[in-house]
Enquirer: 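Provided herewith is a single structure, encoded as structure tokens, for subsequent inquiry.
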Amino acid sequence: MLNTVLSLVIYVVAIYVAWWALMPVKWESVLNQVRSTQAAVLRVLVAVVFGSLIAQFFLEYIRLAQALVPLQSIFQIINKL
């Protein structure tokens, strides 16, 4: 349960950070009609894609860090020998 909530929070924060990072982009150079509904949907989709990539990176990093914890105790046992 806690992992699920943590994952959701990380995804929401990462999407928000991606949205914030995309705010200064000059969409006029890419889109013909910047104020259209399609342009707004495109900005949201780009933020979701980048935010998802960011969130996946951090969640994978957390998962790998947790996987290293048992290895640390094994190395401590080996060092005592």
Side-chain angles (χ1 to χ4, degrees):
M1 172 75 174
L2 185 60
N3 280 343
T4 306
V5 173
L6 179 65
S7 295
L8 286 173
V9 168
I10 289 175
Y11 268 98
V12 169
V13 169
I15 291 170
Y16 175 77
V17 168
W19 178 263
W20 174 79
L22 289 169
M23 293 301 284
V25 172
K26 301 292 183 198
W27 294 101
E28 296 84 17
S29 62
V30 179
L31 304 171
N32 290 334
Q33 298 174 344
V34 179
R35 301 265 182 222
S36 69
T37 304
Q38 292 165 330
V41 170
L42 178 64
R43 288 192 300 265
V44 170
L45 289 175
V46 169
V48 168
V49 167
F50 284 141
S52 295
L53 289 172
I54 295 166
Q56 287 175 3
F57 170 79
F58 282 114
L59 289 172
E60 184 67 13
Y61 183 84
I62 291 170
R63 188 189 67 77
L64 290 173
Q66 289 174 345
L68 287 177
V69 172
L71 290 177
Q72 183 180 10
S73 61
I74 292 172
F75 287 133
Q76 287 175 351
I77 292 171
I78 292 173
N79 285 336
K80 288 181 182 178
L81 296 177

Enquirer: Measure across Gly51 and Ala18 and return the closest heavy-atom pair with its distance rounded to 0.1 Å.
Expert: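 It is N-CB, 3.6 Å.
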
Enquirer: Is it true that atom CZ of Phe50 has more than 12 heavy atoms of other residues, nucleotides or ligands lying nearer than 6.0 Å?
Expert: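 Open.
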
Enquirer: Measure the CG-CH2 distance between Leu42 and Trp27 for me, rounded to the nearest 0.5 Å.
Expert: 5.5 Å

Enquirer: Hydrophobic cluster membership, with links at side-chain heavy-atom distances under 4.5 Å among I/L/V/M/F/W/Y: are Val34 and Val30 in one?
Expert: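 Yes, Val34 connects to Val30 through the hydrophobic network.
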
Enquirer: Which residue pairs satisfy the salt bridge (charged side-chain N to carboxylate O under 4.0 Å, His left out) criterion with at least one member in residues 26-44, sequence neighbours excluded?
Expert: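 Those involving residues 26-44 do not exist here.
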
Enquirer: Hydrophobic side-chain clustering at under 4.5 Å (ILVMFWY, transitive links): who's grouped with Tyr61? Put none if nobody.
Expert: none

Enquirer: Please list, chain by chain and in numerical order, all residues satisfying salt bridge (Lys or Arg N to Asp or Glu O under 4.0 Å) with Glu60, sequence neighbours excluded.
Expert: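 Per chain and number, Glu60 pairs via salt bridge (Lys or Arg N to Asp or Glu O under 4.0 Å) with Arg63.
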
Enquirer: Would Leu8 end up clustered with Tyr11 when hydrophobic side chains under 4.5 Å apart are linked, directly or stepwise?
Expert: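 Looking at the clustering, Tyr11 is in a separate group from Leu8.
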
Enquirer: Taking only residues two or more places apart in sequence, or in another chain, which ones meet Val17 in a side chain to side chain contact (heavy atoms under 4.5 Å, CB included)?
Expert: Val13

Enquirer: Starting from Trp19, walk the hydrophobic network (Ile, Leu, Val, Met, Phe, Trp, Tyr; side-chain heavy atoms closer than 4.5 Å) and list everyone else you reach, by chain and number.
Expert: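 Besides Trp19, the hydrophobic cluster comprises Ile15, Met23, Val44, Val48, listed by chain and residue number.
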
Enquirer: Return the CD1 to CG distance between Ile10 and Leu59, rounded to the nearest 0.5 Å.
Expert: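 Answer rounded to 0.5 Å: 4.5 Å.
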
